[in-house]
Protein chains: 2
Amino acid sequence: MPKRKKDVCEIFCYNKKLVDSLKREIIGRGEIAGLSSIFDVLSDQTRLKMIYLLSKRELCVCDLANVLNLSISAVSHQLRRLRDLRLVKFRSEGKMAFYSLEDSMVKDLFKSALSYVQKK
Amino acid sequence: MPKRKKDVCEIFCYNKKLVDSLKREIIGRGEIAGLSSIFDVLSDQTRLKMIYLLSKRELCVCDLANVLNLSISAVSHQLRRLRDLRLVKFRSEGKMAFYSLEDSMVKDLFKSALSYVQKK
DNA sequence: ACCTCATTTGAATACTTGCTCAAATATAAT
DNA sequence: ATTATATTTGAGCAAGTATTCAAATGAGGT
(Lines give C-alpha, C1' and ligand atoms only; values in the text may rest on other atoms or scores of the structure.)
Protein backbone atom coordinates (compact mmCIF):
# COMPACT_ATOMS: atom_id res chain seq x y z
CA MET A 1 0.00 0.00 0.00
CA PRO A 2 1.54 3.27 -1.05
CA LYS A 3 0.94 6.20 1.22
CA ARG A 4 0.04 9.51 -0.28
CA LYS A 5 -0.02 12.46 2.03
CA LYS A 6 -0.21 15.85 0.44
CA ASP A 7 1.11 14.22 -2.69
CA VAL A 8 -2.44 14.06 -3.97
CA CYS A 9 -4.39 16.85 -5.55
CA GLU A 10 -7.72 16.32 -3.86
CA ILE A 11 -9.44 19.51 -4.76
CA PHE A 12 -8.92 20.36 -8.37
CA CYS A 13 -7.86 17.56 -10.63
CA TYR A 14 -9.32 14.70 -8.66
CA ASN A 15 -12.40 13.66 -10.58
CA LYS A 16 -14.00 11.31 -8.09
CA LYS A 17 -16.80 9.92 -10.25
CA LEU A 18 -14.51 9.12 -13.16
CA VAL A 19 -11.77 7.75 -10.95
CA ASP A 20 -14.16 5.45 -9.12
CA SER A 21 -15.66 4.03 -12.27
CA LEU A 22 -12.22 3.51 -13.80
CA LYS A 23 -11.08 1.78 -10.63
CA ARG A 24 -13.91 -0.71 -10.92
CA GLU A 25 -13.15 -1.24 -14.58
CA ILE A 26 -9.45 -1.89 -14.00
CA ILE A 27 -10.07 -4.28 -11.14
CA GLY A 28 -12.37 -6.25 -13.42
CA ARG A 29 -9.52 -6.80 -15.84
CA GLY A 30 -7.80 -9.83 -14.36
CA GLU A 31 -6.23 -10.39 -17.74
CA ILE A 32 -3.64 -7.74 -17.00
CA ALA A 33 -1.55 -10.26 -15.09
CA GLY A 34 -1.64 -12.69 -17.97
CA LEU A 35 -0.77 -9.98 -20.42
CA SER A 36 2.19 -8.79 -18.43
CA SER A 37 3.58 -12.29 -18.07
CA ILE A 38 3.44 -12.95 -21.79
CA PHE A 39 5.04 -9.59 -22.58
CA ASP A 40 7.55 -10.17 -19.84
CA VAL A 41 8.77 -13.43 -21.28
CA LEU A 42 9.14 -11.68 -24.63
CA SER A 43 10.99 -8.70 -23.19
CA ASP A 44 14.39 -10.36 -23.06
CA GLN A 45 16.61 -10.38 -26.14
CA THR A 46 17.93 -13.85 -25.44
CA ARG A 47 14.47 -15.34 -25.19
CA LEU A 48 13.29 -13.43 -28.24
CA LYS A 49 16.15 -14.83 -30.26
CA MET A 50 15.37 -18.31 -29.00
CA ILE A 51 11.75 -17.96 -30.02
CA TYR A 52 12.74 -16.62 -33.39
CA LEU A 53 15.11 -19.50 -34.00
CA LEU A 54 12.74 -22.15 -32.71
CA SER A 55 9.93 -20.77 -34.82
CA LYS A 56 11.88 -21.84 -37.90
CA ARG A 57 13.37 -25.16 -36.87
CA GLU A 58 13.76 -27.57 -34.07
CA LEU A 59 17.08 -27.20 -32.24
CA CYS A 60 18.94 -28.96 -29.47
CA VAL A 61 20.01 -27.09 -26.35
CA CYS A 62 23.64 -27.20 -27.31
CA ASP A 63 23.20 -25.75 -30.78
CA LEU A 64 20.98 -23.01 -29.38
CA ALA A 65 23.74 -22.16 -26.92
CA ASN A 66 26.28 -22.03 -29.71
CA VAL A 67 24.19 -19.79 -31.92
CA LEU A 68 23.47 -17.42 -29.06
CA ASN A 69 26.98 -17.56 -27.66
CA LEU A 70 25.69 -18.45 -24.22
CA SER A 71 26.43 -21.20 -21.77
CA ILE A 72 24.36 -24.35 -21.93
CA SER A 73 23.15 -23.62 -18.44
CA ALA A 74 21.91 -20.15 -19.26
CA VAL A 75 20.02 -21.48 -22.25
CA SER A 76 18.51 -24.29 -20.23
CA HIS A 77 17.29 -21.85 -17.59
CA GLN A 78 15.62 -19.70 -20.20
CA LEU A 79 14.11 -22.70 -21.91
CA ARG A 80 12.51 -23.64 -18.65
CA ARG A 81 10.83 -20.24 -18.46
CA LEU A 82 9.55 -20.70 -21.98
CA ARG A 83 8.35 -24.19 -21.12
CA ASP A 84 6.58 -22.95 -17.99
CA LEU A 85 4.53 -20.60 -20.11
CA ARG A 86 3.95 -23.39 -22.66
CA LEU A 87 5.60 -21.42 -25.41
CA VAL A 88 7.96 -24.23 -26.40
CA LYS A 89 7.80 -27.99 -26.37
CA PHE A 90 10.56 -30.54 -26.58
CA ARG A 91 11.17 -34.15 -27.37
CA SER A 92 14.17 -36.08 -26.18
CA GLU A 93 16.11 -38.33 -28.45
CA GLY A 94 18.76 -40.27 -26.58
CA LYS A 95 20.67 -37.85 -24.39
CA MET A 96 19.61 -34.82 -26.33
CA ALA A 97 16.57 -32.57 -26.10
CA PHE A 98 15.12 -30.97 -29.19
CA TYR A 99 13.05 -27.86 -28.68
CA SER A 100 10.52 -26.19 -30.94
CA LEU A 101 7.67 -23.70 -30.66
CA GLU A 102 4.58 -25.00 -28.93
CA ASP A 103 2.09 -23.07 -31.03
CA SER A 104 2.06 -20.40 -33.65
CA MET A 105 0.33 -17.68 -31.65
CA VAL A 106 3.55 -16.40 -30.19
CA LYS A 107 4.93 -16.28 -33.70
CA ASP A 108 2.00 -14.07 -34.68
CA LEU A 109 2.56 -11.78 -31.71
CA PHE A 110 6.21 -11.62 -32.69
CA LYS A 111 5.23 -10.66 -36.23
CA SER A 112 2.76 -7.93 -35.30
CA ALA A 113 5.26 -6.42 -32.91
CA LEU A 114 7.91 -6.60 -35.60
CA SER A 115 5.80 -4.69 -38.08
CA TYR A 116 5.15 -2.17 -35.34
CA VAL A 117 8.85 -1.71 -34.70
CA GLN A 118 9.66 -1.45 -38.38
CA LYS A 119 7.10 1.29 -38.93
CA LYS A 120 8.76 3.49 -36.32
CA MET B 1 31.55 -12.35 -23.31
CA PRO B 2 30.59 -15.66 -21.72
CA LYS B 3 33.26 -18.25 -21.45
CA ARG B 4 32.49 -21.82 -22.28
CA LYS B 5 35.06 -24.39 -21.39
CA LYS B 6 34.06 -27.99 -21.52
CA ASP B 7 30.52 -26.82 -21.16
CA VAL B 8 30.13 -27.21 -24.87
CA CYS B 9 29.44 -30.43 -26.69
CA GLU B 10 31.82 -30.01 -29.58
CA ILE B 11 31.77 -33.48 -30.96
CA PHE B 12 28.25 -34.80 -31.13
CA CYS B 13 25.49 -32.25 -31.09
CA TYR B 14 27.39 -29.28 -32.43
CA ASN B 15 26.16 -28.85 -35.98
CA LYS B 16 28.68 -26.36 -37.27
CA LYS B 17 27.13 -25.58 -40.64
CA LEU B 18 23.67 -24.96 -39.20
CA VAL B 19 25.00 -23.01 -36.24
CA ASP B 20 27.08 -20.75 -38.43
CA SER B 21 24.24 -19.94 -40.78
CA LEU B 22 21.88 -19.30 -37.88
CA LYS B 23 24.46 -17.03 -36.28
CA ARG B 24 24.59 -14.91 -39.40
CA GLU B 25 20.82 -14.84 -39.58
CA ILE B 26 20.43 -13.74 -35.97
CA ILE B 27 23.06 -11.04 -36.22
CA GLY B 28 21.24 -9.68 -39.23
CA ARG B 29 18.15 -9.16 -37.14
CA GLY B 30 18.80 -5.81 -35.54
CA GLU B 31 15.11 -5.58 -34.90
CA ILE B 32 15.50 -7.82 -31.88
CA ALA B 33 16.53 -4.85 -29.76
CA GLY B 34 13.52 -2.85 -30.87
CA LEU B 35 11.24 -5.77 -30.25
CA SER B 36 12.55 -6.36 -26.78
CA SER B 37 12.15 -2.72 -25.83
CA ILE B 38 8.53 -2.63 -26.93
CA PHE B 39 7.76 -5.89 -25.12
CA ASP B 40 9.69 -4.66 -22.14
CA VAL B 41 7.64 -1.52 -21.76
CA LEU B 42 4.52 -3.66 -21.96
CA SER B 43 5.75 -6.21 -19.44
CA ASP B 44 4.81 -4.20 -16.37
CA GLN B 45 1.28 -4.34 -14.96
CA THR B 46 1.27 -0.68 -13.99
CA ARG B 47 2.23 0.45 -17.48
CA LEU B 48 -0.24 -1.96 -19.05
CA LYS B 49 -3.03 -0.52 -16.97
CA MET B 50 -1.98 2.98 -17.91
CA ILE B 51 -2.03 2.09 -21.58
CA TYR B 52 -5.40 0.46 -21.22
CA LEU B 53 -6.86 3.49 -19.46
CA LEU B 54 -5.29 6.00 -21.81
CA SER B 55 -6.51 4.07 -24.82
CA LYS B 56 -10.04 4.91 -23.78
CA ARG B 57 -9.78 8.49 -22.57
CA GLU B 58 -7.38 11.27 -21.89
CA LEU B 59 -6.38 11.49 -18.22
CA CYS B 60 -4.33 13.81 -16.05
CA VAL B 61 -1.40 12.48 -14.03
CA CYS B 62 -3.25 12.87 -10.78
CA ASP B 63 -6.33 10.94 -11.81
CA LEU B 64 -4.16 8.20 -13.24
CA ALA B 65 -2.38 7.97 -9.90
CA ASN B 66 -5.69 7.79 -8.07
CA VAL B 67 -7.09 5.06 -10.28
CA LEU B 68 -3.91 3.01 -10.00
CA ASN B 69 -3.43 3.71 -6.30
CA LEU B 70 0.09 4.90 -6.87
CA SER B 71 2.03 8.02 -6.00
CA ILE B 72 2.06 10.87 -8.47
CA SER B 73 5.78 10.46 -8.72
CA ALA B 74 5.64 6.79 -9.61
CA VAL B 75 3.09 7.51 -12.33
CA SER B 76 5.11 10.36 -13.71
CA HIS B 77 8.21 8.18 -13.93
CA GLN B 78 6.31 5.53 -15.83
CA LEU B 79 4.73 8.10 -18.12
CA ARG B 80 8.19 9.25 -19.02
CA ARG B 81 9.12 5.75 -20.11
CA LEU B 82 5.99 5.61 -22.24
CA ARG B 83 6.77 9.03 -23.67
CA ASP B 84 10.34 8.03 -24.49
CA LEU B 85 9.03 5.19 -26.62
CA ARG B 86 6.43 7.53 -28.15
CA LEU B 87 3.57 5.41 -26.90
CA VAL B 88 1.78 8.31 -25.26
CA LYS B 89 1.46 12.00 -25.93
CA PHE B 90 0.34 14.80 -23.67
CA ARG B 91 -0.94 18.31 -23.79
CA SER B 92 -0.70 20.71 -20.89
CA GLU B 93 -3.61 22.85 -19.84
CA GLY B 94 -2.71 25.27 -17.13
CA LYS B 95 -0.79 23.42 -14.47
CA MET B 96 -2.08 20.08 -15.52
CA ALA B 97 -0.90 17.55 -18.07
CA PHE B 98 -3.36 15.40 -19.95
CA TYR B 99 -2.03 12.17 -21.38
CA SER B 100 -3.43 9.94 -24.09
CA LEU B 101 -2.22 7.20 -26.43
CA GLU B 102 0.08 8.35 -29.18
CA ASP B 103 -1.10 5.90 -31.78
CA SER B 104 -3.36 2.89 -32.04
CA MET B 105 -0.74 0.32 -32.91
CA VAL B 106 0.02 -0.41 -29.28
CA LYS B 107 -3.67 -0.86 -28.74
CA ASP B 108 -3.66 -3.49 -31.49
CA LEU B 109 -0.69 -5.26 -29.94
CA PHE B 110 -2.52 -5.15 -26.64
CA LYS B 111 -5.56 -6.70 -28.24
CA SER B 112 -3.76 -9.53 -30.03
CA ALA B 113 -1.91 -10.40 -26.85
CA LEU B 114 -5.18 -10.31 -24.96
CA SER B 115 -6.83 -12.77 -27.30
CA TYR B 116 -3.76 -14.94 -26.93
CA VAL B 117 -4.02 -14.90 -23.15
CA GLN B 118 -7.74 -15.58 -23.19
CA LYS B 119 -7.33 -18.63 -25.40
CA LYS B 120 -4.99 -20.26 -22.88
C1' DA C 1 29.07 -51.85 -12.79
C1' DC C 2 31.41 -47.87 -14.82
C1' DC C 3 32.26 -43.83 -17.59
C1' DT C 4 30.90 -40.21 -20.75
C1' DC C 5 28.13 -36.71 -22.34
C1' DA C 6 23.68 -33.66 -22.83
C1' DT C 7 20.81 -31.47 -20.04
C1' DT C 8 18.76 -29.81 -15.73
C1' DT C 9 18.79 -27.61 -11.35
C1' DG C 10 20.04 -24.74 -7.07
C1' DA C 11 22.75 -21.25 -5.10
C1' DA C 12 25.37 -17.09 -5.51
C1' DT C 13 26.36 -12.84 -7.82
C1' DA C 14 25.92 -8.79 -10.57
C1' DC C 15 22.74 -6.06 -12.83
C1' DT C 16 18.28 -4.11 -13.63
C1' DT C 17 14.05 -1.81 -12.27
C1' DG C 18 9.81 0.10 -9.81
C1' DC C 19 8.86 2.69 -6.11
C1' DT C 20 9.57 6.37 -2.54
C1' DC C 21 11.37 10.53 -0.81
C1' DA C 22 12.95 15.08 -1.36
C1' DA C 23 13.88 18.72 -4.15
C1' DA C 24 13.16 21.23 -8.52
C1' DT C 25 10.05 23.27 -12.35
C1' DA C 26 6.21 25.44 -14.04
C1' DT C 27 1.94 27.71 -14.05
C1' DA C 28 -1.76 30.30 -11.93
C1' DA C 29 -3.82 33.10 -8.34
C1' DT C 30 -3.45 36.57 -4.59
C1' DA D 1 6.82 38.89 -5.27
C1' DT D 2 4.73 35.29 -2.73
C1' DT D 3 2.03 31.31 -2.28
C1' DA D 4 -0.22 27.19 -3.82
C1' DT D 5 -0.64 23.34 -6.75
C1' DA D 6 0.42 19.89 -10.63
C1' DT D 7 4.02 17.72 -12.48
C1' DT D 8 8.86 16.38 -13.26
C1' DT D 9 13.26 14.72 -11.92
C1' DG D 10 17.35 12.54 -9.38
C1' DA D 11 19.01 9.66 -5.78
C1' DG D 12 18.51 5.69 -3.04
C1' DC D 13 16.46 1.35 -1.63
C1' DA D 14 14.31 -3.12 -2.08
C1' DA D 15 12.86 -6.67 -4.94
C1' DG D 16 13.45 -9.16 -9.14
C1' DT D 17 16.29 -11.46 -12.75
C1' DA D 18 19.93 -13.16 -16.17
C1' DT D 19 23.97 -15.38 -15.95
C1' DT D 20 27.60 -18.29 -13.91
C1' DC D 21 29.39 -22.02 -11.21
C1' DA D 22 29.03 -26.41 -9.21
C1' DA D 23 26.58 -30.35 -8.48
C1' DA D 24 22.80 -33.58 -9.85
C1' DT D 25 20.14 -36.27 -13.18
C1' DG D 26 19.48 -39.30 -17.00
C1' DA D 27 20.52 -41.98 -20.96
C1' DG D 28 24.06 -44.63 -23.80
C1' DG D 29 28.15 -47.06 -24.63
C1' DT D 30 31.94 -50.13 -22.86
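Letters A, B, ... are given to chains in the order of the sequence lines, protein chains preceding strands, and every chain is numbered from 1.
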Enquirer: Under 4.0 Å between any heavy atoms, over every strand shown, what does A:Ala97 touch: base, sugar-phosphate, or nothing? Just pick one.
Expert: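 Sugar-phosphate, backbone atoms only, no base.
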
Enquirer: Given D:dA27, C:dA28, C:dT9, which nucleotide is nearest the side-chain atoms of B:Lys95?
Expert: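 Nearest nucleotide to the side chain: C:dA28.
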
Enquirer: Find which nucleotide of DNA chain D each of A:Gly94 and A:Asp40 is nearest to by heavy atoms, and output the residue with the more 5' nucleotide.
Expert: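 Taking each residue's closest nucleotide, the earlier one in sequence belongs to A:Asp40.
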
Enquirer: In whole Å, I'd like the distance from the CD1 atom of B:Ile72 to the P atom of D:dG10.
Expert: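 Distance check: B:Ile72 CD1 to D:dG10 P gives 18 Å.
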
Enquirer: Please enumerate all residues that pass side-chain contact (heavy atoms from CB on, under 4.5 Å) together with B:Ser36, with sequence neighbours excluded.
Expert: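 So B:Ser36 forms a side-chain contact (heavy atoms from CB on, under 4.5 Å) with A:Gln45, A:Leu48.
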
Enquirer: Would you say B:Ser104's side chain and B:Lys107's backbone share a donor-acceptor pair under 3.5 angstrom?
Expert: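 Answer holds: no.
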
Enquirer: For the base of C:dC19 and the side-chain ring of B:His77, does the geometry meet a stacking cutoff of under 5.5 Å between centres and under 30° between planes?
Expert: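 No, B:His77 does not stack on the base of C:dC19.
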
Enquirer: Can you measure A:Leu68 atom CG to D:dT19 atom C1' for me and round it to whole angstrom units?
Expert: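 Atom-to-atom, A:Leu68 to D:dT19, this comes out as 13 Å.
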
Enquirer: In whole angstrom, give the distance that lies between atom CE of B:Met96 and atom C1' of C:dT27.
Expert: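 To the nearest whole Å, that distance equals 12 Å.
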
Enquirer: Find the distance A:Leu64:CG to C:dT7:P and express it as a whole number of Å.
Expert: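 In whole Å, C:dT7 P and A:Leu64 CG are 9 Å from each other.
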
Enquirer: Taking atom P of D:dA18 as reference, at what distance in whole Å does atom CE of A:Met50 sit?
Expert: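 Atom CE in A:Met50 sits about 12 Å away from atom P in D:dA18.
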
Enquirer: Does the C:dT7 base have a donor-acceptor partner in the side chain of A:Ser73 within less than 3.5 Å?
Expert: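 It does not, because no donor-acceptor pair links the side chain of A:Ser73 to the base of C:dT7 below 3.5 Å.
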
Enquirer: Separation of B:Phe90 atom CZ from C:dT27 atom C1', in whole Å?
Expert: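 Rounding to the nearest Å, CZ of B:Phe90 and C1' of C:dT27 are 14 Å apart.
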
Enquirer: What's the closest nucleotide to the side chain of A:Gln78 if the choices are C:dT7, D:dT19, C:dT20?
Expert: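 Per side-chain heavy atoms of A:Gln78, the pick is D:dT19.
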
Enquirer: Can you check whether B:Arg80 has a side-chain N or O nearer than 4.0 Å to OP1 or OP2 of D:dT7?
Expert: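 Checking B:Arg80 against D:dT7: no side-chain N or O falls below 4.0 Å of OP1 or OP2.
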
Enquirer: Mind checking A:Ser92 for me? I need base, sugar-phosphate or nothing, with any heavy atom below 4.0 Å counting as a touch.
Expert: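 Touches nothing.
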
Enquirer: Under 4.0 angstrom, heavy atoms only, what part of the nucleic acid is B:Tyr99 near: base, sugar-phosphate, or nothing?
Expert: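 Contact class for B:Tyr99: sugar-phosphate only.
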
Enquirer: Is there a side-chain contact between A:Ser71 and the phosphate of D:dT20, meaning an N or O under 4.0 Å from OP1 or OP2?
Expert: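 Looking at the OP1 and OP2 atoms of D:dT20, one of them is under 4.0 Å from a side-chain N or O of A:Ser71.
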
Enquirer: Has A:Arg81 got a side-chain N or O lying under 4.0 Å from the OP1 or OP2 atom of D:dT17?
Expert: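 So the side-chain polar atoms of A:Arg81 never come under 4.0 Å of the phosphate oxygens OP1 or OP2 of D:dT17.
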
Enquirer: Can you spot which of A:Val106, A:Leu101, A:Ile51 makes a side-chain contact (heavy atoms from CB on, under 4.5 Å) with A:Leu82?
Expert: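 Result for side-chain contact (heavy atoms from CB on, under 4.5 Å) with A:Leu82: A:Ile51.
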
Enquirer: Please check if the number of heavy atoms outside B:Arg57 that lie under 6.0 Å from its CZ is greater than 12.
Expert: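 Enclosed.
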
Enquirer: Could you tell me how far apart A:Leu85 (CG) and D:dT17 (P) are, to the nearest whole angstrom?
Expert: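 These atoms are roughly 12 Å apart.
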
Enquirer: So, B:Lys16 and B:Asp20, do they make that salt bridge, N to O below 4.0 Å?
Expert: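 Here B:Lys16 pairs with B:Asp20 in a salt bridge, since their nearest N and O are under 4.0 Å apart.
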
Enquirer: Quick one: A:Asp44 CG to C:dT16 P, roughly how many Å, whole number?
Expert: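 Atom-to-atom, A:Asp44 to C:dT16, this comes out as 12 Å.
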
Enquirer: Of the nucleotides C:dT7, D:dT19, D:dA6, which has the atom closest to the A:Cys60 side chain?
Expert: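 Within the option list, the nearest is C:dT7.
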
